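Whatever order the structure lists them in is the order used to number ligands and atoms, beginning at 1. None of these values were measured; they are calculated from a predicted model.
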Amino acid sequence: MELIITENYEEMSAAAAEIVVSLLKQKPAATLALTTGNTPLRLYEKLIELQQSEQISLRETTIFSTEEYLGISEDAYFSLYNWLKRSLLQPCDIKPDQIIRLKGDALHPDKECEYFSQQIEQYGGLDIIIEGLGTNGHIGFNEPGTKQNSRTRVVTLSEETKEYNFQYWNHEVPDRAMTIGMSEILAAKKIVLLASGTKKAEALYKALKGPVTSEFPASFLRLAEQLTVIADKDAAQLFMQEESVWQST
Ligand code: PGA
């Protein structure tokens, strides 16, 4: 595991962008799994800027959108895929055939999840997955109780997650969702976990220092050697003194 602690959110986002840039230089046709939430938004803005100034190109990539509320169509304002579309895919002119997403309104949600999982394999695995951290330790919508070997599936959202998600839309979210599984996350060639702000400090500490347990799924990420955690000082405050890897930007 590599831990990068940055001064602030802006620098956290810049450090993450650098990782994506370096991947795209090596592999223009990379597979990228991208989460939604507030944490990666500045990273996505940076990727848009980089593409618009022709420093990178996402045109050959395949993008996996890794979570969606159950029963929600892509056009719904509070579709997570729609959020990713607005915050990155559209401004970067990513074509529909470059996108693999979990269709929340699929007729057969379980089959949809299986299909998503198969697509990851068919594309030769994920070159990178960008993840945020839930205050309850979830990764994607892998909520407390998730098994390490869980696959992409339909899940029931915890009350904490539903409350947290309420703030995105000022609207209640469905009780269930689809999420990429823990096993597919752990199998990615590179995992980038982003954390920003004091509200993530306790969760980050538990993820990196607490027991590796289903009760706190983010702790499973420590089993992946290819994990890079990028946290700003506020998120990293509880263990900043203890870590040997320190990068001040
Ligand atoms: P946030 O959400 O990036 O909006 O804080 C992260 C998460 O709950 O996974």
Should the ring pair F64 and Y123 be called parallel, tilted or perpendicular, given that the plane angle runs from 0 to 90° and is split at 30 and 60?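 Rings of F64 and Y123: perpendicular, over 60°.
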With distance as the sole criterion, is a donor-acceptor pair present between the side chains of [X] and [Y] under 3.5 Å?
X	Y	answer
S183	N149	no
T198	Q237	no
N165	Y69	yes

Should you measure from each heavy atom of [X], which atoms of ligand 1 turn up under 4.0 Å away?
X	result
H138	7 (C), 8 (O), 9 (O)
Y164	1 (P), 2 (O), 4 (O), 5 (O)
G134	7 (C), 8 (O), 9 (O)
G37	3 (O), 4 (O)

Between ligand 1 and K200, is the shortest N or O to N or O distance under 3.5 Å?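 For ligand 1, there is an N or O atom that lies under 3.5 Å from one belonging to K200.
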Tell me whether the centres of the aromatic rings in W83 and Y168 are closer together than 6.0 Å.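 Close enough - the centres of the two rings lie under 6.0 Å apart.
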Protein heavy-atom partner closest to atom 3 (O) of ligand 1 - residue, atom, separation in Å: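 Protein heavy atom with the smallest distance to atom 3 (O) of ligand 1: T39 OG1, 2.4 Å.
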Which residue owns the protein heavy atom closest to atom 2 (O) of ligand 1, what's the atom, and how far is it?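 Answer for atom 2 (O) of ligand 1: Y168 OH, 3.0 Å.
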Report the part of E131 in contact with ligand 1, treating N, CA, C, O as backbone and CB onward as side chain, heavy atoms under 4.0 Å; options are side chain, backbone, both, neither.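 Within the 4.0 Å criterion, E131 makes no contact with ligand 1.
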Heavy-atom check, side chain of L102 versus side chain of T179, under 4.5 Å: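 They are not in contact (no side-chain heavy atoms under 4.5 Å apart), so the answer is no.
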Which of these, L133, N38, T36, has its nearest heavy atom closest to atom 6 (C) of ligand 1?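 Considering heavy atoms of L133, N38, T36, the nearest to atom 6 (C) of ligand 1 sits in L133.
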Atom pair CG/CD of L186 and Q148 - distance to nearest 0.5 Å: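 These two atoms lie 6.0 Å from each other.
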Strictly under 4.0 Å, does any heavy atom of K199 approach an atom of ligand 1?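 In this structure, K199 fails to qualify as a contact of ligand 1 - no heavy atom is under 4.0 Å.
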